[in-house]
Amino acid sequence: MSLKFINKLKNEQKRVVGLGFPSISTNFGDFPIDIAAEIGCEIHLIKAIKEFLKLHKEFDFKLILTEQDSKVLNVFELKWKEIKDDLEDFKFQTKKGNLLQLKSDLRIECRFIVVETTWRMKPGTNQLSKQIFDALGSKLHEELKRLYPKPGIVGEAYPVKVPKDSDLHKSEGIEQIIFVVSPNMNPSRPDPVSLEKAKELLKKTYDSILNAFWELTNGQEYRSITTIKDNVQEVSAFDILMKSASKPSSKISPESSRRTPSKVGSGGWNNVLLPYCQKPEMFPKSEVYYYDNEFVIIFDKYPKAKNHLLVIPRKQIDNIGELKKQNLELVRALKEKGQWVIEKMKQENPKLFFRMGFHAVPSLRQLHMHVISQDFISPSLKNKKHWNSFTTEFFIDVEEIERILEKQGEVKFNKAYYEDLLKSPLKCHLCDAKSIKFIPDLKKHLEEHWNES
DNA sequence: GTTCTAGAAC
DNA sequence: GTTCTAGAAC
């Protein structure tokens, strides 16, 4: 009970860095939202966010797209759902409201917000920038002039600190404003650009915003390229070229394309373990616990107990069904790595005890051995299938796999039989308590066991 | 693997 | 009315 409370407190204290921003360029006739959606404007934001999220998985932040018009937000939400893959939802949210009153109206604190401006760094044609310049008065004009004496460039981001004594800082918690000069297609305003050019610049604008956000939150002074180089034309072109050239995200590596097509769906969710084998060094410590040339040990993304890790051989092996007698050595090595992890975990919490083994019918591709503590106390344990997959015969201890390989030289299971086990009535794995009907009751029961231990 | 949701069970 | 399950979609 008390542990739960402490954890709750910890979560509340953790301050997630927020960035609030509007839908760039879709207001006031530049890109009316209907047209914007039609030509796929929102895709540029979503793409930029996706790349950013993949790059900075360990970074605790949230991106809040805020507009007064829910129609605008819907367009972005739909596109996000369409292409977000397995990215965490809470990191990108859309909120109807006023960007300057996120905290007072919606209790969402954003230390950074994005506001559109003109190349002269003056209030643009939209309401938000007028409000900002009104709120901060001449101080803002002076600061902008001092920091950015040259004309602003479309697609670039220009951060400015919000005075600590201003209402914006005091009551809304806004510490910096990232100004951007957004692409303009409106022929009645200066320098209108073509549709193709505008789309390209839109992506650049979103990239600049996210870059500035990243660098500001990591203590580096964000420097717009205009303050570094004089030859603006050259730098911009080079910048665009670099960005389009270094976009390997959509390409499929030869390694993964060699795989036979997935039997289950096409979304690729069952392939999520592969990148850990191919490039474990790419992942933060919060995901990859350990790796060497042969094995990777990761934290299960949805742990079903206080400690739940996966020990994975890096060599391509789909599942236990592919194992042969000559793989006995590999299985023993997996067991050894598992024992090593268990020792480590026990040092942290001596109360824990573990089992290590395999699911008879795994959902994810690539052989993986579960190392899981037997408390089964975790918010991610939600249903009967979760429970039965670790507490019935469906869970096969690594020693059992060893025995089967020694005796029979291969591991062949009756899939239907094991899948039926997942539907068994709930039963406590520790005591003979009368069978428990519902998961919430089981979870309470498990808490009791934990508190008694 | 999870999330979403309709409809059954309470 | 609310809780819970199970199946489809992703």
Side-chain angles (χ1 to χ4, degrees), chain A residues 43 46 49-50 53-54 57 74 76-94 250 252 256 259-278 283 286-289 296-305 307-312 316-321 357-372 376 378-392 394-396 413 415-416 418-428 434-447:
Chain A
I43 190 90
I46 307 297
I49 289 180
K50 236 180 122 168
L53 285 175
K54 284 196 171 152
K57 271 189 174 157
N74 287 342
F76 284 90
E77 268 169 26
L78 281 175
K79 187 54 82 181
W80 172 247
K81 278 194 181 139
E82 199 181 301
I83 65 167
K84 76 177 177 113
D85 294 345
D86 59 336
L87 296 171
E88 295 160 281
D89 252 337
F90 74 91
K91 286 192 168 174
F92 172 61
Q93 303 164 22
T94 60
S250 58
I252 300 159
S256 59
R259 292 260 181 182
T260 48
S262 149
K263 280 162 267 171
V264 192
S266 57
W269 55 261
N270 49 342
N271 288 328
V272 291
L273 294 179
L274 307 190
Y276 292 103
C277 301
Q278 286 156 9
F283 295 90
S286 56
E287 290 180 43
V288 172
Y289 179 76
V296 192
I297 303 176
I298 66 171
F299 293 101
D300 193 292
K301 199 173 174 194
Y302 300 93
K304 304 299 185 290
N307 271 309
H308 184 183
L309 298 100
L310 305 177
V311 185
I312 311 171
Q316 185 186 315
I317 302 174
D318 239 40
N319 52 55
I320 40 176
F358 304 82
H359 281 158
V361 187
S363 296
L364 299 180
R365 308 180 66 180
Q366 184 65 10
L367 185 71
H368 56 283
M369 183 180 75
H370 293 270
V371 173
I372 183 164
F376 294 112
S378 165
S380 297
L381 194 143
K382 292 177 176 172
N383 57 46
K384 190 178 255 186
K385 187 178 168 182
H386 291 156
W387 176 254
N388 284 333
S389 72
F390 287 101
T391 59
T392 65
F394 190 91
F395 189 85
I396 298 155
F413 287 137
K415 201 177 160 191
Y418 283 96
E419 281 177 338
D420 264 357
L421 286 174
L422 296 174
K423 294 169 187 162
S424 318
L426 300 177
K427 193 175 178 312
C428 177
K434 56 188 180 333
S435 70
I436 299 163
K437 203 160 183 194
F438 297 120
I439 288 286
D441 296 331
L442 174 68
K443 287 172 85 87
K444 276 180 214 153
H445 183 78
L446 292 169
E447 286 274 2

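Numbered from 1 within each chain, the chains take letters A, B, ... in sequence-line order.
By the 30° and 60° cut-offs, the orientation of the rings of A/Phe299 relative to A/Tyr289 is perpendicular.
If you measure from atom CD1 of A/Ile372 to atom C1' of B/dG1, you get 14 Å, rounded to the nearest angstrom. Residue A/Gln366 contributes atom CD, which lies 14 Å from atom P of B/dG1 at whole-angstrom precision. Atoms CG (A/Asn388) and P (B/dG1) sit 13 Å apart, rounded to a whole Å. Rounding to whole angstrom units, CD1 of residue A/Ile298 and C1' of B/dG1 are separated by 12 Å.
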Write down the protein N/O and nucleotide N/O pairs, taken from nucleotides 8-10 of chain B, whose separation is under 3.5 Å; answer none if there are no such pairs.
| from | atom 1 | to | atom 2 | distance (Å) |
| --- | --- | --- | --- | --- |
| B/dC10 | OP1 | A/Lys437 | NZ | 2.8 |

Please list, pair by pair, any protein nitrogen or oxygen found under 3.5 Å from a nitrogen or oxygen in nucleotides 2-6 of chain B.
| from | atom 1 | to | atom 2 | distance (Å) |
| --- | --- | --- | --- | --- |
| B/dT2 | OP1 | A/Lys304 | NZ | 2.9 |
| B/dT2 | OP2 | A/His386 | NE2 | 2.7 |
| B/dT3 | OP2 | A/Lys382 | NZ | 3.1 |

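Here the CD-CD distance, from A/Glu82 to A/Glu77, works out to 13.5 Å after rounding to the nearest 0.5 Å. A/Phe438 CZ to A/Lys384 NZ: the interatomic distance, rounded to the nearest 0.5 Å, is 9.5 Å.
Here the closest heavy-atom approach between residue A/Ile46 and residue A/Phe76 is recorded as CD1-O, 3.9 Å.
Counting heavy atoms from C-beta outward, A/Trp387 and A/Leu446 have side chains that approach closer than 4.5 Å. Side-chain contact between A/His370 and A/Phe358 is absent, with no heavy atoms from C-beta onward closer than 4.5 Å.
By the 4.0 Å N-to-carboxylate-O rule, A/Glu447 lies too far from A/Lys444 to be salt-bridged with it.
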Item to check | Check against ring pair (Phe, Tyr, Trp, His ring centres under 6.0 Å), A/Phe390 and A/His308 | outcome: CA-CA 11 Å; A/Phe390 287 101; A/His308 184 183; 5.3 Å; yes
